[in-house]
Engineer: 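Mind having a look at this structure? Questions to follow.
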Amino acid sequence: MKLSIIMPIYNESAALPDSIAALKRLNPQPDEILLIDGKSEDDSLLIAQNAGLKIMTSPTRGRAAQINYGVENVSGDVICILHGDSMLPIDGVAVIKSAMTDETLALAGFTPRIAGDNGTRWGSSIHNWLKTWYTPMLFRPRLFFMHGVRLLYGDHAMFFRRAHYREVGGCDERVAVMEEADLCIKLSRYGKTKILMRWVWTSDRRIAQWGRWRANYIYLKVGLMWAFGARERLADHYPDIR
């Protein structure tokens, strides 16, 4: 089994040093790491180049488009999508490869631990876990009750089989937010979705900038808009913090 980690980035110079250091610590190392840049205007490319990482620039900016471009330019039969502000556990590669030996598993991810300079934001981390249950239960009940589908999001460091991803057409490039939730629904035709009880550390930068209550309001609003069919308009309600 060959594992490729794809990291879509855009103006991630603040987060990349820690993220790259975490990638270097992975033991064992993945078979391939590819950063897909969305035409960053800061020092992201320089930081990644100095670290010796492979980088490609996507013709189209946007996480969905960058992920699609990355999948077409890696060789792994299993793909892990890792955000630029997230860090896998040191044995993350072994965990992913072990999980994907289960042929009934279509897609899986880690459990996000949202943290920053002031420690872990346990309330947000727990709610992040809970909404992977109640969102599909409320808005995709057939998939939830009949197939056990959980909805994962970008900070889960989700992973899946490359062949399945290509068969379903990849991420919807109209969607700037919640593209991973759409992907969970698409890939559920191949088997179960699962969240592993292992931490992936992810930055609390949105909560730190927006404030706890505003952040939760934004997450709720965007989630409800997605559930009721909004796609192109989601980015208008999800302010960029970089």
Side-chain angles (χ1 to χ4, degrees), residues 4-10 36 38 58-72 74 78-86 96 100 105-112 127-196 200 202 206 218-240:
S4 297
I5 293 179
I6 294 173
M7 181 182 285
I9 62 169
Y10 174 68
I36 300 294
S58 172
T60 305
R61 179 185 300 167
R63 202 160 56 219
Q66 289 170 235
I67 293 171
N68 286 343
Y69 188 72
V71 169
E72 292 304 315
V74 292
V78 172
I79 307 291
C80 174
I81 306 299
L82 184 66
H83 280 196
D85 64 340
S86 296
I96 291 170
M100 294 306 284
L105 183 66
L107 176 146
F110 293 79
T111 300
H127 179 246
N128 193 310
W129 181 78
L130 288 173
K131 71 182 180 183
T132 68
W133 291 92
Y134 72 70
T135 305
M137 182 174 64
L138 292 174
F139 298 108
R140 297 294 187 276
R142 183 183 64 82
L143 289 176
F144 178 77
F145 289 107
M146 294 182 64
H147 303 286
V149 169
R150 305 274 294 276
L151 289 187
L152 283 69
Y153 309 97
D155 50 9
H156 285 86
M158 62 199 304
F159 51 92
F160 45 81
R161 292 177 179 85
R162 180 171 180 258
H164 291 167
Y165 183 94
R166 297 182 74 189
E167 286 171 9
V168 300
C171 288
D172 184 345
E173 297 188 8
R174 300 174 302 157
V175 185
V177 184
M178 302 282 290
E179 72 281 352
E180 293 94 347
D182 274 346
L183 188 61
C184 287
I185 294 171
K186 288 182 178 181
L187 290 177
S188 66
R189 72 181 68 173
Y190 297 106
K192 59 190 176 184
T193 63
K194 183 178 181 180
I195 297 177
L196 307 177
V200 57
T202 191
R206 288 184 175 81
I218 290 171
Y219 295 147
L220 177 62
K221 178 172 67 171
V222 168
L224 287 173
M225 290 176 66
W226 172 87
F228 286 106
R231 291 297 181 267
E232 294 94 336
R233 294 184 295 113
L234 293 178
D236 297 336
H237 301 269
Y238 199 76
D240 190 1

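Worth knowing before you read on, the calculation uses all heavy atoms, side chains too, and leaves out hydrogens, waters and symmetry mates.
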Engineer: Enter the distance from Phe159:CZ to Leu107:CG here, rounded to the nearest 0.5 Å.
Structural biologist: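 Taking CZ in Phe159 and CG in Leu107, the distance rounds to 8.0 Å.
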Engineer: Within this structure, what is the OG-NE2 distance for the pair Ser188 and His164, rounded to the nearest 0.5 Å?
Structural biologist: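 Spacing of OG (Ser188) from NE2 (His164) equals 12.0 Å.
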Engineer: Measure the shortest side-chain to side-chain distance between Arg162 and Ser4 over non-hydrogen atoms and say whether it is less than 4.5 angstrom.
Structural biologist: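 No - every pair of side-chain heavy atoms lies 4.5 Å or more apart.
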Engineer: Quiz question: by atom type and distance under 3.5 Å, do the side chains of Tyr10 and Gln66 form a donor-acceptor pair?
Structural biologist: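 Gln66 and Tyr10 do not have a side-chain donor-acceptor pair below 3.5 Å.
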Engineer: Please find the pair of heavy atoms, one from Val177 and one from Val175, that lie closest to each other, and give the distance.
Structural biologist: O-CG1, 2.6 Å
Engineer: If I take atom CD1 from residue Ile81 and atom CG from residue Asp155, how far apart are they, to the nearest 0.5 angstrom?
Structural biologist: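 Result: 13.5 Å between the selected atoms.
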Engineer: Lys131 vs Asn128, test: side chain to side chain contact (heavy atoms under 4.5 Å, CB included). Steps then yes/no.
Structural biologist: CA-CA 6 Å; Lys131 71 182 180 183; Asn128 193 310; 4.2 Å; yes
Engineer: Quick one: pull up CG in Leu143 and CZ in Arg150 and give me the separation to the nearest 0.5 Å.
Structural biologist: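 Those atoms lie 14.0 Å apart.
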Engineer: Any non-hydrogen side-chain atom of Val168 less than 4.5 Å from a side-chain atom of Phe160?
Structural biologist: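 No, every pair of side-chain atoms sits at 4.5 Å or beyond.
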Engineer: Hey, could you give me the CD1/CD1 distance between Ile9 and Ile36, rounded to the nearest 0.5 Å?
Structural biologist: 9.0 Å
Engineer: Using only atom types and a distance under 3.5 Å, with no angle test, would you say the side chain of Ser86 pairs donor to acceptor with the backbone of Leu82?
Structural biologist: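 Answer holds: no.
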Engineer: For the residue pair Ile195 and Leu152, establish whether any side-chain heavy-atom pair is separated by less than 4.5 Å.
Structural biologist: yes
Engineer: Check Cys184 against Met158 and note the closest heavy-atom contact, atom names and distance.
Structural biologist: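 Closest pair (atom of Cys184, atom of Met158, distance): SG-CE, 3.8 Å.
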Engineer: So which pairs with a foot in residues 181-196 pass salt bridge (Lys or Arg N to Asp or Glu O under 4.0 Å), sequence neighbours left out?
Structural biologist: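 Matches after skipping sequence neighbours: Asp102-Lys192, Asp182-Arg231.
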Engineer: Restricting to non-hydrogen atoms, name the atom on Val200 and the atom on Ala157 that form the minimum distance, rounded to 0.1 Å.
Structural biologist: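 Minimum heavy-atom separation between Val200 and Ala157: CG2-CB, 4.1 Å.
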Engineer: Using atom types as modelled and distance alone, determine if a side-chain donor or acceptor of Arg161 lies under 3.5 Å from a backbone N or O of Met100.
Structural biologist: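 At least one qualifying donor-acceptor pair exists.
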Engineer: Are any of the side-chain heavy atoms of Arg140 and Ile185 separated by less than 4.5 Å?
Structural biologist: yes
Engineer: Using every non-hydrogen atom in the two residues, find where Ser58 and Ala65 come nearest and quote the distance to one decimal.
Structural biologist: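 In terms of heavy atoms, the two residues are closest at OG-O, 4.0 Å.
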Engineer: With Arg233, which residues qualify under salt bridge (Lys or Arg N to Asp or Glu O under 4.0 Å), at least two apart?
Structural biologist: none
Engineer: Looking at Gly38, is its backbone amide N or carbonyl O close enough to the side chain of Arg61 to form a donor-acceptor pair, meaning the two atoms are under 3.5 Å apart?
Structural biologist: yes
Engineer: Can you sort out the partners of Arg63 under salt bridge (Lys or Arg N to Asp or Glu O under 4.0 Å), two or more places apart, ordered by chain and number?
Structural biologist: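 Once residues adjacent in sequence are excluded, the partners of Arg63 under the salt bridge (Lys or Arg N to Asp or Glu O under 4.0 Å) criterion are Glu179, Glu180.
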Engineer: Considering only heavy atoms from C-beta outward, does the side chain of Leu151 approach that of Thr193 to under 4.5 Å?
Structural biologist: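 Sidechains of Thr193 and Leu151: no contact.
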Engineer: Determine the interplanar angle of the Tyr153 and His156 rings, folded into 0 to 90°, and report it as parallel if under 30°, tilted if 30 to 60°, perpendicular if over 60°.
Structural biologist: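 Correct class here is tilted.
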Engineer: What's the shortest heavy-atom distance between Ala230 and Leu234, and which atoms?
Structural biologist: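 Shortest heavy-atom contact: O-CD1, 3.7 Å.
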Engineer: Is any side-chain heavy atom of Tyr190 less than 4.5 Å from a side-chain heavy atom of Glu167?
Structural biologist: yes
Engineer: Is there a side-chain contact between Tyr69 and Thr60, using heavy atoms and a 4.5 Å cut-off?
Structural biologist: no
Engineer: Please check if the side chain of Tyr165 supplies one atom and the backbone of Cys171 the other of a donor-acceptor pair under 3.5 Å.
Structural biologist: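 Judged by distance alone, yes, a pair lies under 3.5 Å.
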Engineer: Please tell me if the side chains of Thr202 and His83 come closer than 4.5 Å, counting only heavy atoms from C-beta onward.
Structural biologist: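 Heavy-atom side-chain distance check fails, nothing below 4.5 Å.
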Engineer: Please tell me whether Phe144 and Phe139 form a close aromatic pair, meaning their ring centres lie under 6.0 Å apart.
Structural biologist: no
